[in-house]
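Only heavy atoms go into these numbers, but all of them, side chains included; no hydrogens, no water, no symmetry mates. Here the structure is a predicted model, which is why all the values come from computation and not from measurement.
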Amino acid sequence: MSSDVRVRFAPSPTGFFHIGSARTALFNWLYARHTGGTFVLRIEDTDRARDSEEFLTVILDGLRWLGLNWDEGPEVGGDYGPYFQSQRSDIYRAHLEILRKNGKAYDKDGAVYFKVSGEPQTIHDVIHGDVIRKEEKDFVIFRSDGSPVFHFVNVVDDMMMKITHVIRGEDHLSNTSKHVELFHAFGAPEPLFAHIPLILKSQGSGKMSKRDTGALVEDYVKQFFIPEAVRNYLCLLGWAPKNDREILPIEEIISLFDLPNVNKTNARFDEKKMAFMNAEYVRALPLDDFVMCSRRVLAQSDVPFESHGEEYLRSVLSICQEKLRGLKELPHFVSYFFTQNFEYDQKDLEKLRKKCDISARLNEFLKNLSSVSFGEAGIENYIHELSTTNQVTSGDYIHSLRLAVSGRSVGPGLYAMLKVLGKEEVIARIKRFLHI
């Protein structure tokens with residue numbers, strides 16, 4: 001399916017990639033994919049003092065990480081370029097002359113002003129309905145240094161690139177009457193507008209800023225979030241499917257997403273919910289994908305994960321996956337599988353010592369271990385027999401064994417953990433613990 005719908009995301013490379021900007025890009029991308037339209041990436045790089053190649057790279061990498069591929073723009077090209085505003089100066093000058101000839105632009109104090117009509121302007125907004133605003137003062141469209149102002153270039157680019165729908169943050173709604181005035185002055189049809197709700201900070205009030213925790217896309221990349229999880233969560237900031245489901249494949253979101261279904265009320269960012277959703281995505285990864293992601297994470301740690309071979313690594317990861325809250329914690333979560341040089345958590349140790357005789361339980365476990373089949377069922381049955389024979393709860397054996405072989409009180413299922421470590425390694429670790 002294809003359509004004439006053309007939407008755009010137009011970031012300025014003056015800072016890191018904010019989560020609000022990512023959500024704006026996502027909603028544009030979703031609408032383009034839902035309608036079979038075109039998603040245009042346009043770079044608003046006219047701020048010579050603040051624009052940088054580094055920030056442009058951050059934005060492009062962030063879009064790619066989220067899976068938001070653009071149909072026209074940098075590195076892709078298209079029929080309506082250039083897609084960098086810094087390369088469109090001649091176009092802006094030509095359009096300024098059109099306004100001059102029509103008596104809609106004049107010079108004052110070195111700047112160029114746009115002469116407003118003074119008439120109320122109706123903004124046709126898909127989300128908010130018709131909004132009527134009136135511009136009462138003429139406004140600058142070219143600064144005294146000769147550089148064009150945002151409102152002017154924004155409208156010229158949207159006209160020239162045949163943008164049909166302008167999807168952007170609600171904070172731009174107050175500017176839109178200026179843009180409608182400019183469209184009319186050029187004799188051009190205005191696009192449909194869709195001003196999406198703002199993202200509020202998780203604590204307190206006010207719009208989420210780049211200084212707030214969790215506000216930058218790069219932070220999630222560095223913390224090894226699953227990009228599909230971040231994208232899924234961003235979809236829910238201002239939109240939701242009618243059946244109240246939240247974790248959805250992107251294909252289904254694309255089929256369900258439409259602008260009239262976007263909320264009018266602002267959305268509050270919930271970092272805990274984002275982390276929860278990420279954990280769900282981690283647990284749902286096919287094992288091959290999980291191993292691939294885990295290798296990238298472990299390669300940036302000091303865990304000697306290559307030391308025991310690929311089969312052992314896959315066995316370790318397969319029993320740890322469902323317990324993880326995120327890939328960031330993976331190195332710490334699995335480190336003891338690859339070395340005996342780990343410390344025992346002293347708080348856990350003291351707490352367990354008050355409940356049971358750890359050494360007695362471990363010695364009882366070792367006593368007839370040579371005859372035990374060291375699969376999960378065999379280990380479980382053996383511990384159950386020890387519990388019955390010695391009239392001690394199974395938990396005393398389980399907690400003692402976990403602490404002795406891993407140094408911790410939490411981790412993957414004990415029977416699976418012991419099986420993966422192997423009988424000889426488990427015996428060696430228990431003996432090491434008994435001699436500390």
Side-chain angles (χ1 to χ4, degrees), residues 279 282-283 285 287 290-291 293-295 297-298 301-349 351-353 355-356 358-359 361-387 392-436:
V282 169
R283 288 190 280 268
L285 283 172
L287 182 58
F290 180 63
V291 171
C293 292
S294 298
R295 278 184 161 278
V297 178
L298 293 172
S301 73
D302 57 1
V303 175
F305 68 98
E306 301 276 19
S307 59
H308 290 61
E310 180 68 18
E311 185 177 347
Y312 180 77
L313 174 63
R314 288 178 67 87
S315 297
V316 170
L317 294 175
S318 68
I319 67 169
C320 292
Q321 183 177 5
E322 68 172 314
K323 297 287 186 177
L324 281 178
R325 293 173 297 179
L327 289 170
K328 182 183 177 181
E329 69 178 24
L330 181 66
H332 174 73
F333 200 85
V334 304
S335 59
Y336 62 83
F337 279 99
F338 302 95
T339 178
Q340 287 190 15
N341 186 26
F342 56 82
E343 296 181 354
Y344 302 98
D345 188 296
Q346 293 303 306
K347 287 185 179 179
D348 290 340
L349 185 57
K351 187 176 179 180
L352 187 57
R353 278 175 173 161
K355 293 182 177 180
C356 73
I358 303 173
S359 296
R361 303 292 82 81
L362 293 176
N363 278 309
E364 288 162 0
F365 183 80
L366 288 176
K367 188 173 182 181
N368 296 308
L369 189 58
S370 59
S371 61
V372 174
S373 171
F374 219 65
E376 291 184 46
I379 296 169
E380 183 177 11
N381 290 335
Y382 181 50
I383 288 177
H384 180 71
E385 290 171 8
L386 289 172
S387 173
V392 176
T393 65
S394 296
D396 285 0
Y397 290 101
I398 291 171
H399 297 313
S400 297
L401 283 163
R402 182 182 294 282
L403 192 63
V405 302
S406 71
R408 307 170 192 175
S409 61
V410 294
L414 178 74
Y415 309 134
M417 182 172 75
L418 297 183
K419 176 188 174 185
V420 169
L421 285 168
K423 186 183 290 188
E424 290 184 9
E425 181 68 15
V426 168
I427 292 171
R429 292 185 179 208
I430 292 173
K431 289 182 176 178
R432 171 181 175 246
F433 178 85
L434 290 172
H435 285 88
I436 61 171

Exercise for review: Please check if the side chain of Arg402 supplies one atom and the backbone of Pro412 the other of a donor-acceptor pair under 3.5 Å.
Suggested key: yes
Check your understanding: Between atom CG of Leu403 and atom CZ of Arg361, what is the distance when rounded to the nearest 0.5 Å?
Key -> 14.5 Å
Point to revise | Interatomic distance, Tyr382 atom OH to Asn368 atom CG [nearest 0.5 angstrom] | key: 5.0 Å
Review point. Heavy-atom distance under 4.5 Å between the side chains of Met417 and Tyr336, does that happen here?
Key: yes
Review point. So do Gln346 and Leu349 actually touch side chain to side chain, heavy atoms under 4.5 Å?
Key: yes
**Study point:** Heavy-atom check, side chain of Leu386 versus side chain of Val392, under 4.5 Å
**Key:** no
Check your understanding: Going by heavy atoms in the side chains, are Val303 and Phe337 under 4.5 Å from each other?
Key -> no
Check your understanding: Got Ile379 and Leu414 here, is their nearest side-chain heavy-atom distance under 4.5 Å?
Key -> no
Point to revise | Side-chain touch Leu362/Ser359, heavy atoms, less than 4.5 angstrom | key: no
Point to revise | Residue list, salt bridge (Lys or Arg N to Asp or Glu O under 4.0 Å) with Glu329, at least two apart or on another chain | key: Arg325
Practice item. Only one of Asp396, Asn363, Leu434, Leu352 passes side chain to side chain contact (heavy atoms under 4.5 Å, CB included) with Ile358; say which it is. Key: Leu352
Check your understanding: Considering residues at least two apart in sequence or located in another chain, which fulfil the side-chain hydrogen bond (donor to acceptor under 3.5 Å, both in side chains) criterion with Asp348?
Key -> Ser409
Check your understanding: Using 30° and 60° as the class limits, which term best fits the ring planes of Phe342 and Tyr344: parallel, tilted or perpendicular?
Key -> perpendicular
**Study point:** Test side-chain contact (heavy atoms from CB on, under 4.5 Å) applied to Phe305 and Val316, step by step
**Key:** CA-CA 10 Å; Phe305 68 98; Val316 170; over 6 Å; no
**Study point:** Shortest non-hydrogen contact between Val334 and Cys320, atoms and distance
**Key:** CG1-SG, 3.8 Å
**Study point:** pair Ile430-Leu401: side-chain heavy atoms closer than 4.5 Å
**Key:** yes
Revision key, fill the gap. Closest non-hydrogen contact found for Phe333 with Arg408 is O-NH1, 3.5 Å
Review point. Tell me, do Leu313 and Arg295 make a side-chain contact under 4.5 Å, heavy atoms counted?
Key: yes
Revision key, fill the gap. Shortest non-hydrogen pair, Ser387 vs Ser394, comes out as OG-N, 3.4 Å
Exercise for review: With rounding to the nearest 0.5 Å, note down the distance linking OG in Ser406 to CG in Leu421.
Suggested key: 8.5 Å
Exercise for review: List the steps, then state whether salt bridge (Lys or Arg N to Asp or Glu O under 4.0 Å) holds for Glu364 with Lys367.
Suggested key: CA-CA 5 Å; Glu364 288 162 0; Lys367 188 173 182 181; over 6 Å; no
Point to revise | Under the side chain to side chain contact (heavy atoms under 4.5 Å, CB included) test, residues paired with Arg314 that sit two or more places apart | key: Leu287, Asp288, Val291, Glu310
**Study point:** Nearest heavy atoms of Arg429 and Glu425, plus distance in Å
**Key:** NE-OE2, 2.8 Å
Review point. Looking only at atom types and distance, does a side-chain atom of Lys423 sit under 3.5 Å from a main-chain N or O of Val372, one as donor and one as acceptor?
Key: yes
Review point. Can you tell me how far the NZ atom of Lys419 sits from the OG atom of Ser373, to the nearest 0.5 Å?
Key: 9.5 Å
Check your understanding: Taking atom CG of Leu418 and atom CD1 of Ile427, what is their separation to the nearest 0.5 Å?
Key -> 11.0 Å
Study note, to complete from the structure: Rounding to 0.5 Å, atoms CG (Asp345) and CD (Glu343) come to a distance of 9.5 Å
Point to revise | Gln340 versus Ala428, closest heavy-atom pair with distance | key: NE2-CB, 3.8 Å
Review point. Between Phe365 and Tyr397, does a ring pair (Phe, Tyr, Trp, His ring centres under 6.0 Å) hold up when you go through it step by step?
Key: CA-CA 8 Å; Phe365 183 80; Tyr397 290 101; 7.6 Å; no
Check your understanding: For Cys293 and Leu327, which heavy atoms make the closest approach, and how far apart are they?
Key -> CB-CD1, 3.9 Å
